[in-house]
Amino acid sequence: MSQSIVSWNVNSIRVREEQVLEWMQTHEPAVLGLQETKMTNETFPAASFESLGYQLVINGQRTYNGVALLSRETPKDIVTDLPGYEDPQRRVLAATYGDLRVINLYVPNGQAVGSEKFAYKLEWLSHLTDWLKEETAQHDKLVVMGDFNIAPADADVHDPEAWRGKILFSEAEHEALGKILDLGLDDSFRLFDQEPEQFSWWDFRTRAFRRNRGLRIDLALTSYGLRDHITASWIDIDPRKAERPSDHAPVGVDLTL
DNA sequence: ATGGTAGCTGCGCTA
């Protein structure tokens, strides 16, 4: 029987609590990583998720960022920061479930190519890569998932020519993602034949969802040791159709462990 | 080239 490991940028868990609970009851993920929870650990609505039988690890922050891992199994070897990198922004959460290592990330957006925030994004990704070098060496079965704020290739962008060189689709970002994949990770979505024009994020501002003018920036990277265990890699756009949705859809992998 | 919407906060910042 297969288990889903899922990533979802919820853009405020306060607003999305009911939607996430409902989705979890329907899909029963083994692990659900959330990004942009935007709440402190103290204010996070943990009890309602615990009442569904999930265990929580939270790395929260007021107003911005914030990540969480919800799971059926007990989390072990929890990591909440990129080792050796001082950063007040809460963007990292890793835990081990049985022999599966799961890393949940909210990669900096970067705002605009060449900006200060862009420099931070690249610096953050460089430190992430150093850490993932250790994690890939230590864990045969590893999922690195989250809002990467990088669309890997032309097929992941509704209008590649318009986006080329822009934030989320620049050369420097592709180089950084390439170094991560070179550590021994697959973009699991591309391990399978997929329908074209599948995206995970659509800009609120341009009402992009109505015309499916999206980007696939939410990724589940999987170690080579998981290749024989993955049965699917998917994006569920149904929650994006809801009233007051997040701007991101959940993405996930199904594993037989 | 710009602005559009959403969330948190308290009006500007971030995405």
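Here is how names work: the chains are called A, B, and so on, in the same order as the sequence lines, proteins then strands, and each is numbered from 1. Fair warning: this is a prediction, and the values are worked out from it, not measured in the lab.
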**Q** Atom CZ of A:Arg210 and atom P of B:dA6: how far apart are they, to the nearest Å?
**A** 11 Å

**Q** Between B:dG12 and B:dG4, how many Å separate the two P atoms, rounded to a whole number?
**A** 16 Å

**Q** Test of understanding: with side-chain hydrogen bond (donor to acceptor under 3.5 Å, both in side chains), list the residues that count as partners of A:Glu18, not counting sequence neighbours.
**A** none

**Q** Throw together a table of side-chain donor-acceptor distances under 3.5 angstrom for residues 140-147 of chain A, partners on residues two or more places apart or in other chains.
**A**
from: A:Lys141; atom 1: NZ; to: A:Asp99; atom 2: OD2; distance (Å): 3.2
from: A:Asp147; atom 1: OD1; to: A:Asn149; atom 2: N; distance (Å): 3.0
from: A:Asp147; atom 1: OD2; to: A:Asn9; atom 2: ND2; distance (Å): 2.9

**Q** Which other residues end up in the same hydrophobic cluster as A:Tyr64, if Ile, Leu, Val, Met, Phe, Trp and Tyr are linked when side-chain heavy atoms come under 4.5 Å apart?
**A** none

**Q** Both A:Gln89 and A:Ile13 contact DNA chain B. Which one's nearest nucleotide lies toward the 5' end?
**A** A:Ile13

**Q** Distance only, no hydrogens: is a donor on one side chain within 3.5 Å (strictly under) of an acceptor on the other, for A:Thr40 and A:Arg62?
**A** no

**Q** In whole angstrom, give the distance that lies between atom CZ of A:Phe209 and atom C1' of B:dA6.
**A** 16 Å

**Q** Of the options B:dC8, B:dG7, B:dA15, whose atoms approach the side-chain atoms of A:Arg16 most closely?
**A** B:dG7

**Q** Between the base of B:dC8 and the side chain of A:Tyr64, is there a donor and acceptor pair under 3.5 angstrom?
**A** no

**Q** When the distance from CG of A:Asn9 to P of B:dA6 is rounded to whole Å, what number comes out?
**A** 16 Å

**Q** Which residues in residues 107-123 of chain A have at least one heavy atom lying under 4.0 Å from any atom of DNA chain B?
**A** A:Asn109, A:Lys117

**Q** What residues form a salt bridge (Lys or Arg N to Asp or Glu O under 4.0 Å) with A:Asp87, not counting sequence neighbours?
**A** none

**Q** Quick one: list whatever passes side-chain hydrogen bond (donor to acceptor under 3.5 Å, both in side chains) with A:Thr136, sequence neighbours left out.
**A** none

**Q** Tell me every residue that passes ring-ring contact (aromatic ring centres under 6.0 Å, His included) with A:Phe209, counting only those two or more places apart in sequence or in another chain.
**A** A:Trp202

**Q** Can you tell me how far CD1 of A:Ile150 sits from NE2 of A:His174, rounded to the nearest 0.5 angstrom?
**A** 7.0 Å

**Q** Apply ring-ring contact (aromatic ring centres under 6.0 Å, His included) to A:Phe189 and list each qualifying residue two or more places apart in sequence or on a separate chain.
**A** none

**Q** Could you go through nucleotides 1-4 of chain B and list every protein N or O atom that sits under 3.5 Å from one of its N or O atoms, giving the distance for each pair?
**A**
none

**Q** Could you say whether A:Arg244 or A:His248 is positioned toward the 5' end of DNA chain B, judged by the nucleotide with the nearest heavy atom to each?
**A** A:Arg244

**Q** Looking at A:Asp159 and A:Arg213, would you say the former's side chain and the latter's main chain have a donor-acceptor pair under 3.5 Å?
**A** no

**Q** Tell me the interatomic distance from A:Lys38, atom NZ, to B:dT14, atom P, rounded to whole angstroms.
**A** 12 Å

**Q** Take the protein atom CD of A:Glu243 and the nucleotide atom P of B:dT5, then report the distance between them rounded to whole Å.
**A** 16 Å

**Q** Figure out the CZ/C1' separation between A:Arg62 and B:dC13, and round it to whole Å.
**A** 12 Å

**Q** Among residues 146-153 of chain A, which ones have heavy-atom contacts with DNA chain B below 4.0 Å?
**A** none

**Q** ring-ring contact (aromatic ring centres under 6.0 Å, His included) with A:His127: which residues, sequence neighbours excluded?
**A** A:Tyr85

**Q** What integer distance in Å separates A:Glu17:CD from B:dC8:C1'?
**A** 17 Å

**Q** Figure out the CG/P separation between A:Asn11 and B:dT5, and round it to whole Å.
**A** 16 Å

**Q** Write down the distance separating the P atoms in B:dA1 and B:dT14, rounded off to the nearest Å.
**A** 24 Å

**Q** Applying side-chain hydrogen bond (donor to acceptor under 3.5 Å, both in side chains), can you list everything that pairs with A:Ser12, at least two apart in sequence or on another chain?
**A** none

